[in-house]
Amino acid sequence: MAMTEVEKSIQEELSLPILLAERVIKFAMEAESFKPENNDLATQVAQTSQQLRAVARLTTASAVIYDRPICRVTADITKSLDRVLALSRKCRHKKTNVLRHVLSIITTNDFKKVSNLLDSSLADVRWLLSIFNPDSENGTINLSLPPIASNDPILAWVWSNIAAVQMGRSEAAQDLALAGDNDRTKKVIVEENGIPPLLKLLKENVNSDAQNAAANALYNLADDQERVEAIANALGVQIIAKALSVTQIIVLGCIEDLCYWVVWICY
């Protein structure tokens with residue numbers, strides 16, 4: 001089966017740090033100085049690479065995948081690996097040249113810094129695996145805080161819930177609906193491409209609870225001109241109108257409210 005453009009894009013995003021990790025390991029194993037420290041870095045990089053390959057397998061096996069956190073994490077890991085590579089390259093030559101020695105002074109503190117970066121990278125990629133695993137945490141949505149979002153916890157919360165909505169989980173849509181009057185959270189939901197998964201849940205799910213949760217989340221987002229335009233640009237008007245014609249009576253009122261609000265702001 002041919003991969004979609006999104007799947008190809010994700011695979012390409014993941015291939016860069018995986019290939020870079022192989023290069024880092026090679027340089028670290030060939031180090032002439034700080035050999036124990038380089039060996040430790042090689043072990044950390046190998047662990048991170050193994051987890052990245054697991055993410056790659058998961059994205060290949062999944063029918064749909066939410067790519068925003070994957071792209072952010074892989075970009076961050078690539079930056080960390082670049083720093084490790086630069087450090088290991090300096091250790092490939094013995095200090096026989098005075099000028100080279102002056103230009104490539106390394107301390108154990110340098111290794112501690114990049115080791116901490118690799119620890120964070122490994123934690124980030126393990127978090128990625130957890131949010132895409134529907135059986136993780138006894139079926140509950142993983143709302144833990146990865147290092148990459150330590151300065152912006154809302155981002156991790158939004159990523160986790162959007163990933164779960166993408167997998168058809170109505171409780172995640174209910175969580176997103178709780179954004180309520182928090183404009184910052186609603187802005188992040190839209191920026192992180194949360195509208196298409198919510199519309200997909202509204203369109204394809206026959207479960208009334210799921211449709212109700214998706215409609216409520218979209219309704220709460222549709223209180224701002226730019227956010228309504230984002231819904232419309234994702235074919236939201238057509239999807240909402242179709243849902244209105246085929247939905248069960250139990251969620252009819254909620255979708256009617258959503259449809260009225262979107263149409264009123266758009267037109």
Inset, instruction - Any chance you could lay out the salt bridge (charged side-chain N to carboxylate O under 4.0 Å, His left out) test for Glu22 and Arg53, step after step, and finish with the verdict? - result: CA-CA 12 Å; Glu22 293 178 357; Arg53 291 177 188 276; 2.6 Å; yes
[X] to [Y] - nearest heavy-atom pair and separation:
X      : Y      : result
Thr185 : Ala179 : CG2-CB, 3.9 Å
Ile231 : Ile240 : CG2-CD1, 4.3 Å
Trp159 : Arg68  : NE1-CB, 4.1 Å
Ala217 : Ala173 : CB-O, 3.7 Å
Ile189 : Ile162 : O-CD1, 4.0 Å
Ala42  : Met29  : CB-SD, 3.8 Å

Inset, instruction - Might you work through the side-chain hydrogen bond (donor to acceptor under 3.5 Å, both in side chains) test for Ser144 and Asn142, ending with a clear yes or no? - result: CA-CA 6 Å; Ser144 61; Asn142 180 12; 2.8 Å; yes
For the side chain of [X] and the backbone of [Y], is there at least one donor-acceptor N/O pair under 3.5 Å apart?
X      : Y      : result
Ser150 : Pro147 : yes
Arg92  : Ala28  : no
Asp110 : Ile106 : no
Asn216 : Ala177 : no

Indicate yes or no: at least one non-hydrogen side-chain atom of [X] is less than 4.5 angstrom from one of [Y].
X      : Y      : result
Ser115 : Leu41  : yes
Leu145 : Trp127 : no
Leu198 : Leu221 : yes
Glu192 : Arg72  : yes
Leu85  : Lys26  : no
Asp152 : Trp157 : no
Val158 : Asn161 : no
Gln211 : Leu201 : no

Legend entry - Step-by-step side chain to side chain contact (heavy atoms under 4.5 Å, CB included) determination, Lys186 to Asp223: CA-CA 10 Å; Lys186 289 188 282 190; Asp223 62 350; 2.6 Å; yes
Look up atom [atom1] in [X] and atom [atom2] in [Y], then write down how far apart they are to the nearest 0.5 Å.
X      : Y      : atom1 : atom2 : value
Asp124 : Ile148 : CG    : CD1   : 5.0 Å
Lys187 : Asn182 : NZ    : CG    : 12.0 Å
Ile65  : Leu58  : CD1   : CG    : 5.0 Å
Glu204 : Leu199 : CD    : CG    : 10.5 Å
Asp224 : Asp183 : CG    : CG    : 7.0 Å
Leu202 : Lys242 : CG    : NZ    : 11.0 Å

Legend entry - More than 12 heavy atoms from other groups under 6.0 Å of CG on Asn233: yes
Legend entry - Flag if over 12 foreign heavy atoms under 6.0 Å of CD, Glu191: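 Atom CD in Glu191 is crowded, with more than 12 foreign heavy atoms closer than 6.0 Å.
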Inset, instruction - Let me know which of Asp40, Leu118, Ile77 forms a side chain to side chain contact (heavy atoms under 4.5 Å, CB included) with Val45. - result: Leu118
Inset, instruction - Walk me through it: do Gln44 and Asp119 pass the test side-chain hydrogen bond (donor to acceptor under 3.5 Å, both in side chains)? - result: CA-CA 8 Å; Gln44 286 181 282; Asp119 282 341; 2.9 Å; yes
Inset, instruction - Ignoring hydrogens and angles, state whether a donor on the side chain of Thr108 or Glu37 is under 3.5 Å from an acceptor on the partner side chain. - result: no
Inset, instruction - Please determine, by modelled atom types, if Gln51 and Gln47 share a side-chain donor-acceptor pair under 3.5 angstrom. - result: no
Inset, instruction - Would you sort out whether Leu143 and Ile141 count as a side chain to side chain contact (heavy atoms under 4.5 Å, CB included), showing the intermediate values? - result: CA-CA 6 Å; Leu143 297 178; Ile141 298 169; 4.0 Å; yes
Legend entry - side chain to side chain contact (heavy atoms under 4.5 Å, CB included) between Glu12 and Leu16, intermediate numbers included: CA-CA 7 Å; Glu12 289 169 0; Leu16 178 58; over 6 Å; no
Legend entry - Co-membership, hydrophobic cluster, residues Leu117 and Leu20, 4.5 Å side-chain: no
Legend entry - Verify same cluster id: Phe132, Val55 (apolar side-chain graph, 4.5 Å):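 Yes, Phe132 connects to Val55 through the hydrophobic network.
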Inset, instruction - Report the C-alpha separation of Cys91 and Phe111 in whole Å, then their side-chain angles, then the decisive distance to 0.1 Å, and conclude whether the side chain to side chain contact (heavy atoms under 4.5 Å, CB included) test is met. - result: CA-CA 11 Å; Cys91 300; Phe111 285 92; 3.8 Å; yes
Legend entry - Residue pair Ser88, Asn38: steps toward the side-chain hydrogen bond (donor to acceptor under 3.5 Å, both in side chains) verdict: CA-CA 7 Å; Ser88 293; Asn38 274 286; 3.0 Å; yes
